[in-house]
Protein chains: 2
Amino acid sequence: MEEQANFKSERSTVRRVPKRAHYDAATVFSVLDANFVGQVAFQLEGQPFQIPMLYGREGNVLYLHGSKKSRIYQTLARGIPCSLGVTLVDGIVVARSAFHHSVNYRSVVVFGRCAPVGDPEEKLAVFERFTDAIIPGRWAECRPINAKEAKVTGILALTIEDASAKIRTGGPVDETADYDLPIWAGVVPLETTYGVPVEDQNSKITCEVPGSVRELVNDK
Amino acid sequence: MEEQANFKSERSTVRRVPKRAHYDAATVFSVLDANFVGQVAFQLEGQPFQIPMLYGREGNVLYLHGSKKSRIYQTLARGIPCSLGVTLVDGIVVARSAFHHSVNYRSVVVFGRCAPVGDPEEKLAVFERFTDAIIPGRWAECRPINAKEAKVTGILALTIEDASAKIRTGGPVDETADYDLPIWAGVVPLETTYGVPVEDQNSKITCEVPGSVRELVNDK
């Protein structure tokens with residue numbers, strides 16, 4: 001049902017190369033779900049700030065977390081307008097002309113406001129979602145969060161009011177005459193992959209790599 | 001000489017986990033130079049916006065480019081306060097406790113204002129630097145930018161007034177008692193690499209992969 005939402009608005013409308021813009025929830029969510037770190041931008045005393053934050057999505061809500069004592073938590077918890085941005089670079093587009101060099105990318109900008117999650121039960125559910133959003137299945141394998149840890153950690157719920165995705169795919173688009181030039185053109189893909197897990201050496205106990213990590217790295 | 005600069009200021013001071021903060025130009029530049037896309041945040045009519053932009057660095061200046069007609073070019077060219085953020089995720093830190101899961105990262109936040117680069121000769125030099133910042137050596141291989149193309153492209157010079165880098169490396173830091181638990185902990189590295197170049201098929205001419213691209217992908 002959530003996939004039917006459309007996040008287009010005046011402020012989320014993409015001006016440049018609008019054919020690359022998408023506003024449907026399915027596309028916006030697919031880019032958000034392909035990452036877990038976003039830049040959260042907000043204004044404070046006339047100055048634009050931005051801080052990278054981990055996020056986990058549930059429907060139209062992005063959960064952010066941080067120490068309750070942190071400036072960003074306390075600032076965003078007041079419900080000021082903010083935006084969260086994510087950009088994934090998929091390749092370098094090599095053109096015949098200097099001018100038409102480009103990159104392939106998937107980006108999202110979300111607009112909304114944050115509210116603190118106060119209910120302890122809801123917080124616990126969010127912690128689980130958070131951990132499993134980055135390493136699916138990890139929550140069940142590790143020592144659970146205790147009351148003291150849960151208390152000092154703040155969770156912010158950023159409800160997506162409106163948003164846009166912008167996506168470029170494919171090869172270079174050169175000027176017609178330039179296709180006759182003997183100059184190589186194409187795409188250099190950029191790939192992000194998980195490497196071989198490295199066990200922490202600060203314990204006397206050696207363990208097998210658990211299922212969650214094995215699955216994450218495809219049994220590397 | 002530029003490496004001796006220090007970008008610490010009231011607004012660039014990192015509050016949370018200050019031991020991970022760096023303000024020396026060498027560290028700030030090394031993170032900026034490891035990427036070429038940043039999120040540029042600014043405030044417009046009470047709303048924080050952010051847009052991903054390509055950048056190339058020269059000393060204390062980050063050059064951004066875009067169409068002169070674009071909203072972001074026209075807005076930033078007025079010299080309003082802005083910030084540019086870059087975050088590179090190097091690995092997932094898997095702890096014995098849910099609470100101590102983390103990520104290894106290198107991030108930078110730059111504060112400053114943009115000014116348009118008007119001088120055609122300076123613009124041309126920046127275009128060259130820009131192209132070669134992403135694909136070293138490419139400028140000399142491709143059809144040069146012509147006067148019309150140079151005219152429609154705007155270059156903004158964002159002078160770094162102050163900045164911070166924040167870097168986390170290493171394994172998990174768990175509670176003392178948790179080191180006795182039979183739970184795997186460690187780091188899953190995240191690696192970004194170039195894939196095999198794919199030639200554009202929209203020309204009758206087939207060319208060898210040029211030196212710049214071969215070097216970029218390490219002869220893949």
Side-chain angles (χ1 to χ4, degrees), chain A residues 11 15-16 37 39 41-43 47-50 52 67 70-71 81-83 85 87 89 92 94 96-99 101 107 109 131 134 139 142-145 149 171-172 178-179 181-195 197-200 203 205 207 209-210 213 216-217, chain B residues 11 15-16 37 39 41-43 47-50 52 67 70-71 81-83 85 87 89 92 94 96-99 101 107 109 131 134 139 142-145 149 171-172 178-179 181-195 197-200 203 205 207 209-210 213 216-217:
Chain A
R11 69 180 169 184
R15 265 66 168 185
R16 289 300 303 168
V37 179
Q39 298 291 129
F42 56 96
Q43 183 97 341
Q47 177 62 50
F49 282 85
Q50 60 178 308
S67 161
S70 70
R71 178 175 57 173
C82 69
S83 82
T87 300
V89 178
I92 297 180
V94 183
R96 293 159 186 89
S97 57
F99 182 71
H101 279 68
S107 70
V109 178
T131 308
I134 300 175
W139 183 261
C142 57
R143 196 264 291 160
I145 195 161
E149 291 168 341
D178 290 341
Y179 285 90
L181 295 171
I183 298 175
W184 190 90
V187 173
V188 182
L190 208 54
E191 290 151 7
T192 300
T193 50
Y194 291 105
V198 181
E199 188 169 11
D200 178 41
S203 164
I205 302 170
C207 302
V209 179
V213 173
L216 191 70
V217 303
Chain B
R11 68 180 170 186
R15 265 64 169 187
R16 288 300 303 168
V37 179
Q39 299 290 129
F42 56 97
Q43 182 97 339
Q47 176 63 51
F49 282 85
Q50 61 178 305
S67 162
S70 69
R71 176 176 57 175
C82 69
S83 81
T87 301
V89 179
I92 297 180
V94 183
R96 293 158 187 90
S97 58
F99 182 71
H101 278 68
S107 69
V109 178
T131 307
I134 300 176
W139 184 261
C142 57
R143 195 264 290 160
I145 195 161
E149 291 167 342
D178 290 341
Y179 285 90
L181 296 172
I183 298 175
W184 189 91
V187 172
V188 182
L190 209 53
E191 290 152 6
T192 300
T193 50
Y194 291 105
V198 181
E199 187 169 12
D200 178 40
S203 165
I205 302 169
C207 301
V209 178
V213 173
L216 192 69
V217 304

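It should be emphasised that the depicted structure is a prediction, and the values quoted were computed from it without experimental measurement. Lettering of chains follows the sequences in order, A, B, ..., and the numbering in each one begins at 1.
Residues B:A41 and A:P48 approach most closely at O-CB, 3.9 Å, considering heavy atoms. Of all the heavy atoms in B:L216 and B:Y194, the pair that sits closest is O-CD1, 3.5 Å. Annotation for A:A185 and A:P172: closest pair CB-CG, 4.0 Å, computed over non-hydrogen atoms. Of all the heavy atoms in B:C207 and A:P182, the pair that sits closest is SG-C, 3.5 Å. Scanning both residues, A:Q47 and B:P81, for their nearest heavy atoms gives OE1-CB, 4.1 Å.
Within the 4.5 angstrom heavy-atom criterion, only side-chain atoms of A:I92, from C-beta onward, approach chain B. Only the side chain of A:S107 comes within contact range of chain B, with at least one heavy atom under 4.5 Å from a heavy atom of that chain. Contacts of B:V198 with chain A are made by both backbone and side-chain atoms, with heavy-atom separations under 4.5 Å. Using a 4.5 Å cut-off between heavy atoms, A:R15 touches chain B through its side chain atoms alone. Both the backbone and the side chain of B:R96 come within less than 4.5 Å of a heavy atom of chain A. Residue contact with chain B, scored on non-hydrogen atoms closer than 4.5 Å, involves the side chain of A:I205 exclusively.
Counting heavy-atom pairs closer than 4.5 Å to chain A, the top residue among B:V188, B:V94, B:L190 is B:L190. Interface check for chain A: of the options B:L181, B:V217, B:T87, the most heavy-atom pairs under 4.5 Å are formed by B:T87. The candidate from A:S70, A:S67, A:C82, A:G195 with the greatest count of non-hydrogen atom pairs under 4.5 Å with chain B is A:G195. Chain B forms the most heavy-atom pairs under 4.5 Å with one residue out of A:S97, A:G171, A:P210, and that residue is A:S97. Residue with the most contacts toward chain A among B:T131, B:I145, B:V209: B:V209 (heavy-atom pairs, distance under 4.5 Å). With respect to chain A, the highest number of heavy-atom pairs below 4.5 Å among B:R11, B:E199, B:Q50, B:R16 belongs to B:Q50.
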- Yes or no on side chain to side chain contact (heavy atoms under 4.5 Å, CB included) for A:D200 and B:Y179, after CA distance, side-chain angles and deciding distance? CA-CA 10 Å; A:D200 178 41; B:Y179 285 90; 3.8 Å; yes
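Every residue two or more places apart in sequence or in another chain that forms a ring-ring contact (aromatic ring centres under 6.0 Å, His included) with A:F49 is listed here: A:F42, B:F111.
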